[in-house]
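Report on one structure; see the data block that follows.
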Amino acid sequence: MDDMSCNGCGASIAAGEHSVKFKCPACGETIVRCSKCKVTSNNYTCRKCGFVGP
Ligand SMILES: [Zn+2]
Ligand SMILES: [Zn+2]
């Protein structure tokens with residue numbers, strides 16, 4: 001299963017929920033942010049390489 005959770009706050013993201021997906025600029029790992037973290041511009045942390053970005 002592709003278990004998606006927000007890289008900002010850790011909340012699990014349900015299918016169809018508003019979220020943003022993009023690739024880590026450092027390693028290319030998929031980063032997911034929930035709509036809440038998107039609005040608040042919460043920092044994210046890449047699980048793979050530890051990159052932290054806005
Ligand atoms: Zn979040
Ligand atoms: Zn990374």
Side-chain angles (χ1 to χ4, degrees):
M1 284 292 281
D2 198 12
D3 185 30
M4 288 208 308
S5 60
C6 175
N7 284 69
C9 67
S12 58
I13 294 168
E17 187 180 331
H18 275 293
S19 61
V20 282
K21 252 203 274 190
F22 51 95
K23 288 196 189 310
C24 171
C27 73
E29 179 80 350
T30 302
I31 306 280
V32 186
R33 277 207 300 186
C34 69
S35 53
K36 206 165 72 183
C37 289
K38 189 186 167 194
V39 170
T40 58
S41 293
N42 207 4
N43 281 0
Y44 60 83
T45 306
C46 175
R47 288 192 188 89
K48 201 170 172 183
C49 72
F51 181 87
V52 179

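Only this structure's heavy atoms are used, side chains among them; waters, hydrogens and symmetry mates stay out.
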So how far is it from Lys36 NZ to Cys9 SG, rounded to the nearest 0.5 Å?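 That separation rounds to 5.5 Å.
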
Keeping Arg47 on the side-chain end and Glu29 on the backbone end, is there a donor-acceptor pair under 3.5 Å?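 Checked: no pair found.
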
With sequence neighbours excluded, tell me which residues meet side chain to side chain contact (heavy atoms under 4.5 Å, CB included) with Thr30.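 Residues passing side chain to side chain contact (heavy atoms under 4.5 Å, CB included) with Thr30: Lys21, Lys23, Val32.
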
What is the minimum heavy-atom distance between [X] and [Y], and which atoms define it?
X     : Y     : answer
Thr45 : Asn7  : O-ND2, 3.0 Å
Lys38 : Val20 : CD-CG1, 3.5 Å
Cys34 : Cys6  : N-SG, 3.4 Å

Among residues two or more places apart or on two chains, list those pairs meeting ring-ring contact (aromatic ring centres under 6.0 Å, His included) that have a residue in residues 34-54.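 Every ring-ring contact (aromatic ring centres under 6.0 Å, His included) pair that includes a residue of residues 34-54, provided the two are not neighbours, is Phe22-Tyr44.
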
